Amino acid sequence: MISKKKIEAFIFDLDGVLTDTAEYHYLAWKRLADEEGLPFSRKDNEQLRGVSRRASLDLILKGRNVSEKKIQEMMDRKNGYYRSYLETVSEKDLLSGAVELLDRLKKKGIRLALASASKNAPTVIDKLGIVGYFEVIADGNSVEKTKPAPDLFLYAAEQLNLEPQVCLVIEDAEAGIAAAQAAGMHTIGIGPVERVGAADFVYPSVAEIKVEEII
Ligand code: BG6
Ligand code: MG
């Protein structure tokens with residue numbers, strides 16, 4: 001625990017916390033990788049959790065010498081594939097317990113923000129039907145430096161006009177937990193301890209979060 005101050009806001013990551021778009025990111029990267037003859041497996045995809053589009057491509061390219069123009073073209077192509085998979089996303093794709101948690105926090109007077117590395121986050125939350133829950137929406141366009149840098153979470157806290165110490169971040173990525181801690185915020189990790197064990201609280205899924213235990 002960083003401080004004993006009362007938690008005033010929850011800052012939510014999107015992919016892997018409120019919905020599981022990781023599979024769509026995987027399919028889109030896989031399609032690009034196959035077209036380019038680059039090896040890319042589901043195991044490789046795990047490393048991309050929470051990582052920006054550009055950093056993800058750098059990890060897939062593994063130091064190959066590729067022109068900036070080609071890099072931009074590959075990112076656009078992957079994003080086109082990803083957006084085509086997003087077409088079918090709707091409320092049915094919310095992870096179990098997600099809306100219940102948002103409702104419970106709202107009722108308790110906790111302020112809510114979204115902080116996702118994805119430039120597609122506004123489209124995704126619109127399709128999920130949860131835009132109205134968030135006072136602040138920070139996405140891949142909000143800051144230059146993405147997770148594990150603290151910038152996105154600090155930006156969200158600034159927009160809420162709150163100190164980092166009264167904010168709690170919910171994340172499923174190792175890079176996301178590191179970013180929130182670098183920002184001086186409390187953390188809930190969703191997933192296995194091997195991945196999010198550094199968080200203050202760890203739960204296997206959003207449905208298992210015990211709000212009373214935390215605030
Ligand atoms: C994160 C995902 O939320 O957003 C990453 O976990 C993804 O897998 C990143 O690469 C960037 O997303 P986008 O939509 O801007 O390409
Ligand atoms: Mg995530």
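Ligands are counted one by one from 1 in listed order, and the atoms in each one are counted from 1 as well. Just so it is clear, the values below take in all heavy atoms, side chains as well, and ignore hydrogens, waters and symmetry mates. Throughout, residue positions are numbered sequentially from 1 according to the sequence presented. All values derive from a computational prediction rather than experimental measurement.
- In terms of polar-atom proximity, defined here as any N/O pair under 3.5 Å, W29 makes no such contact with ligand 1.
- With ligand atoms numbered from 1 in the order given, ligand 1 contributes 1 (C), 2 (C), 3 (O), 4 (O), 6 (O) to contacts under 4.0 Å with heavy atoms of D15.
- Of all the listed residues (S118, A115, G140), S118 holds the heavy atom that lies closest to atom 4 (O) of ligand 1.
- At a 3.5 angstrom cut-off on N or O pairs, R53 counts as close to ligand 1.
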Practice prompt. Before giving the answer on side chain to side chain contact (heavy atoms under 4.5 Å, CB included), spell out for L101 and V211 the whole-Å C-alpha distance, their side-chain angles and the decisive distance to 0.1 Å.
Written response: CA-CA 8 Å; L101 177 63; V211 176; 3.5 Å; yes

task = Please report the C-alpha distance between N79 and N120 in whole Å, then the side-chain angles of each, then the deciding distance to 0.1 Å, and finally whether the side chain to side chain contact (heavy atoms under 4.5 Å, CB included) criterion is met.
result = CA-CA 9 Å; N79 196 47; N120 292 296; 2.9 Å; yes

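- Between R42 and E46 there is no salt bridge, since none of the side-chain N atoms of the basic residue sits less than 4.0 Å from a carboxylate O of the acidic one.
- An N or O contact shorter than 3.5 Å is missing between Y82 and ligand 1 by distance.
- For the Mg ion (ligand 2), protein N/O/S neighbours under 2.8 Å (waters excluded) are D13 OD2, D15 O, D172 OD1.
- Heavy-atom distances between L14 and ligand 1 stay at or above 4.0 Å for every pair.
- Within 6.0 Å of atom CD in E144, 12 or fewer heavy atoms from other residues, nucleotides or ligands are found, so the atom counts as exposed in its surroundings.
- Short contacts between ligand 1 and N120, defined as distances under 4.0 Å to a heavy atom of the residue, involve ligand atoms 13 (P), 14 (O).
- Annotation for K69: atom NZ does not count as buried by contact number, only 12 or fewer foreign heavy atoms lying within 6.0 Å.
- Within a 6.0 Å sphere centred on NZ of K106, heavy atoms belonging to other residues, nucleotides or ligands number more than 12.
- For the residue pair S205 / E208, a side-chain donor-acceptor distance below 3.5 Å is found, with atom types taken as modelled.
- Between K127 and D93, no side-chain nitrogen of the basic residue sits less than 4.0 Å from a carboxylate oxygen of the acidic one, so the salt-bridge criterion is not met.
- Side-chain contact, D126 with T123: no donor N or O sits under 3.5 Å from an acceptor N or O.
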